[in-house]
Amino acid sequence: MLETLIELDALRARVAGWKREGLRVALVPTMGNLHAGHFSLVELARARADRVVASIFVNPTQFGPGEDFERYPRTPDADAAGLDAAGCDAVWMPSVDTMYPFGIDGTVRLVVPGVTAVLEGAHRPGHFDGVATVVARLFNQVQPDLAVFGRKDYQQLAVIRYLVRELAFPLEVVAAPILREADGLAMSSRNQYLSAAERPRAAAIHAALQAMRMAFEAGDGVEAVERMAAARLAGEGFDVDYAVLQRADLSGPARRGEPWVALVAARLGGTRLIDNLESGS
Ligand code: PAF
């Protein structure tokens with residue numbers, strides 16, 4: 001039976017009790033509006049730990065001006081029902097005041113260098129600092145033994161790994177595979193912003209990623225592969241932020257014979273979608 005926790009003392013008491021019993025605790029951080037992709041993270045956490053806490057917090061510090069913070073879908077009742085069915089033990093739903101007791105302007109913010117300078121970090125300035133700021137707080141609040149993050153947010157996962165190492169959080173980061181709709185569209189809470197006409201076209205992102213893999217594996221150069229993908233998506237009506245083929249650690253263009261990742265961020269109408277495809281996946 002899912003327990004809903006909204007006060008920090010109650011969360012701490014529950015987790016401390018589990019730890020006294022020697023149980024391993026997993027955290028699945030989310031912003032709510034949960035779908036099958038999130039529930040697969042909970043199931044992975046279940047398989048790796050004795051108790052699972054999912055957090056739901058739409059984090060204001062990771063949204064830029066003009067982004068979708070206000071309209072980000074909030075569906076706590078459906079989320080709780082889904083978490084219960086997925087075998088989650090507790091949902092941590094802090095208020096903004098609990099998360100940021102000195103207000104947003106009084107927040108101690110983390111600034112993550114390096115991996116945040118490119119791609120999502122370049123297109124959404126401050127986004128990853130906001131993610132790191134809230135995730136560090138979630139780690140301190142829940143004190144999990146492991147935390148599960150989805151591979152769809154590829155760069156976010158790199159930021160979290162950096163954060164955990166840099167601040168020596170005593171926990172394991174577990175990466176969960178991307179869950180896709182039947183036509184290949186990666187599951188995302190933002191998919192529901194797509195109109196009925198846009199929804200089938202959105203699958204073109206996954207098709208473009210697969211075309212990038214085929215072209216690179218057939219011997220095309222990185223720049224040619226990137227140009228092909230951007231042109232293909234533009235031809236489908238997308239406004240492309242980037243379509244790139246990078247080394248797996250995002251340190252630069254892919255090199256043949258080494259692990260790589262293809263990443264796309266593109267807008268369809270008012271909806272910005274991201275997706276990626278890793279070599280060997
Ligand atoms: O991936 C998300 O949903 C968010 O960025 C996270 C990790 C929950 C932090 O707010």
Side-chain angles (χ1 to χ4, degrees), residues 1-59 62 76 78-95 98-99 110 112 115 128 131-179 187 189 248 278 280-281:
M1 181 75 186
L2 183 80
E3 182 179 12
T4 300
L5 298 162
I6 52 174
E7 300 296 341
L8 189 52
D9 288 350
L11 170 74
R12 289 232 156 105
R14 177 63 66 236
V15 174
W18 289 335
K19 294 217 167 160
R20 271 196 302 276
E21 291 175 51
L23 300 175
R24 195 167 149 80
V25 178
L27 169 66
V28 181
T30 82
M31 295 203 302
N33 192 238
L34 306 179
H35 48 70
H38 294 110
F39 299 133
S40 74
L41 307 187
V42 171
E43 279 151 24
L44 184 56
R46 257 264 68 98
R48 300 283 192 97
D50 304 301
R51 293 290 180 270
V52 180
V53 179
S55 62
I56 296 181
F57 182 70
V58 185
N59 174 34
Q62 71 186 76
D79 292 349
L83 288 171
D84 198 17
C88 189
D89 297 288
V91 58
W92 167 228
M93 296 180 67
S95 65
T98 298
M99 189 59 83
L110 295 179
V112 183
V115 71
F128 287 127
V131 170
T133 296
V134 81
V135 168
R137 281 155 194 257
L138 289 167
F139 288 167
N140 282 331
Q141 291 162 349
V142 180
Q143 306 207 351
D145 298 294
L146 65 96
V148 182
F149 293 86
R151 287 185 182 275
K152 178 173 161 290
D153 294 300
Y154 186 91
Q155 196 175 3
Q156 170 172 283
L157 187 57
V159 169
I160 302 296
R161 289 192 193 285
Y162 187 99
L163 179 74
V164 165
R165 189 159 171 211
E166 170 73 12
L167 295 184
F169 282 108
L171 59 87
E172 180 193 353
V173 174
V174 175
I178 301 174
L179 235 66
M187 290 190 186
S189 300
E278 294 177 59
S281 66

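Numbers for residues simply follow the sequence, beginning at 1. Any value given below was found using the heavy atoms of this structure, including those in side chains, with hydrogens, waters and symmetry copies removed.
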Exercise. Does Asp79 reach the main-chain N or O of Gly32 with its side chain, forming a donor-acceptor pair under 3.5 Å?
Worked result: no
For this session: Would you name the heavy atoms of Leu44 and Ala175 that are closest together and state the gap between them?
Result: CD2-O, 4.1 Å
Exercise. Does Val115 reach the side chain of Phe128, with side-chain heavy atoms less than 4.5 Å apart?
Worked result: no
For this session: Indicate yes or no for a side-chain donor-acceptor contact from Thr133 to the backbone of Leu110 under 3.5 Å, with no hydrogens or angles considered.
Result: yes
Seminar exercise, completed: Minimal heavy-atom distance between Leu163 and Ala136, with the atoms involved, is CD2-N, 4.3 Å
Problem set entry | Note, Val91 side chain near Val53 side chain (heavy atom, < 4.5 Å) | no
For this session: Measure across Val25 and Lys19 and return the closest heavy-atom pair with its distance rounded to 0.1 Å.
Result: CG2-CE, 4.2 Å
For this session: To the nearest 0.5 angstrom, please state how far the OG atom of Ser95 sits from the CZ atom of Phe57.
Result: 7.5 Å
Exercise. Mind checking whether Met99 and Leu138 have side chains closer than 4.5 Å, heavy atoms only?
Worked result: yes
Seminar exercise, completed: Of all heavy-atom pairs linking Leu83 and Ala54, the shortest is CD2-CB, 3.8 Å
Problem set entry | Short side-chain to backbone donor-acceptor contact, Gln143 and Asn140, under 3.5 Å | yes
For this session: Looking only at non-hydrogen atoms, find the nearest pair between Ser40 and Gly37 and report the distance.
Result: OG-O, 2.6 Å
Problem set entry | Identified side chain to side chain contact (heavy atoms under 4.5 Å, CB included) counterpart of His38 within the set Val148, Thr30, Val28 | Thr30
Exercise. Ignoring hydrogens and geometry, is there a side-chain-to-backbone donor-acceptor pair from Asn59 to Val134 under 3.5 Å?
Worked result: no
Exercise. Would you say the side-chain atoms of Arg151 pair up with the backbone N or O of Ile178, donor to acceptor, closer than 3.5 Å?
Worked result: no
For this session: Assess whether side chain to side chain contact (heavy atoms under 4.5 Å, CB included) is satisfied between Arg46 and Asp89, documenting all intermediate values.
Result: CA-CA 9 Å; Arg46 257 264 68 98; Asp89 297 288; 3.3 Å; yes
Seminar exercise, completed: Between Val174 and Arg48, the two heavy atoms sitting closest are CG2-NH1, 3.6 Å
For this session: Any chance you could measure Cys88, atom SG, to Glu43, atom CD, to the nearest 0.5 Å?
Result: 11.0 Å
Problem set entry | Sidechain N-carboxylate O distance under 4.0 Å for Arg24, Glu172 | yes
For this session: Could you tell me the separation between the CE atom of Met31 and the OG atom of Ser189, rounded to the nearest 0.5 Å?
Result: 7.5 Å
For this session: Could you walk me through whether Asp50 and Trp18 pass side chain to side chain contact (heavy atoms under 4.5 Å, CB included), step by step?
Result: CA-CA 9 Å; Asp50 304 301; Trp18 289 335; over 6 Å; no
Problem set entry | Carboxylate-amine/guanidinium proximity below 4.0 Å for Arg51 and Asp145 | no
For this session: Mind checking the CG-OG spacing from Leu5 to Ser55? Nearest 0.5 Å is all I need.
Result: 11.5 Å
Exercise. Going through the checks in order, is the side chain to side chain contact (heavy atoms under 4.5 Å, CB included) test met by Ile160 and Phe139?
Worked result: CA-CA 11 Å; Ile160 302 296; Phe139 288 167; 4.3 Å; yes
Exercise. Would the number of heavy atoms belonging to other residues, nucleotides or ligands and lying under 6.0 Å from CD1 of Ile6 be above 12?
Worked result: no
Problem set entry | Evaluation steps, side chain to side chain contact (heavy atoms under 4.5 Å, CB included), between Trp92 and Ile56 | CA-CA 6 Å; Trp92 167 228; Ile56 296 181; over 6 Å; no
Exercise. Would you say Pro144 and Leu146 make side-chain contact, with heavy atoms under 4.5 Å?
Worked result: no
Exercise. Does the Glu278 side chain pair with the main chain of Ala248, one donor and one acceptor, at a distance under 3.5 Å?
Worked result: no
Exercise. Is Arg165 reaching over with its side chain to a backbone N or O of Phe169, donor-acceptor style, under 3.5 angstrom?
Worked result: no
Seminar exercise, completed: Those residues at least two apart in sequence (or on a different chain) that pass salt bridge (charged side-chain N to carboxylate O under 4.0 Å, His left out) with Glu3 are Arg14
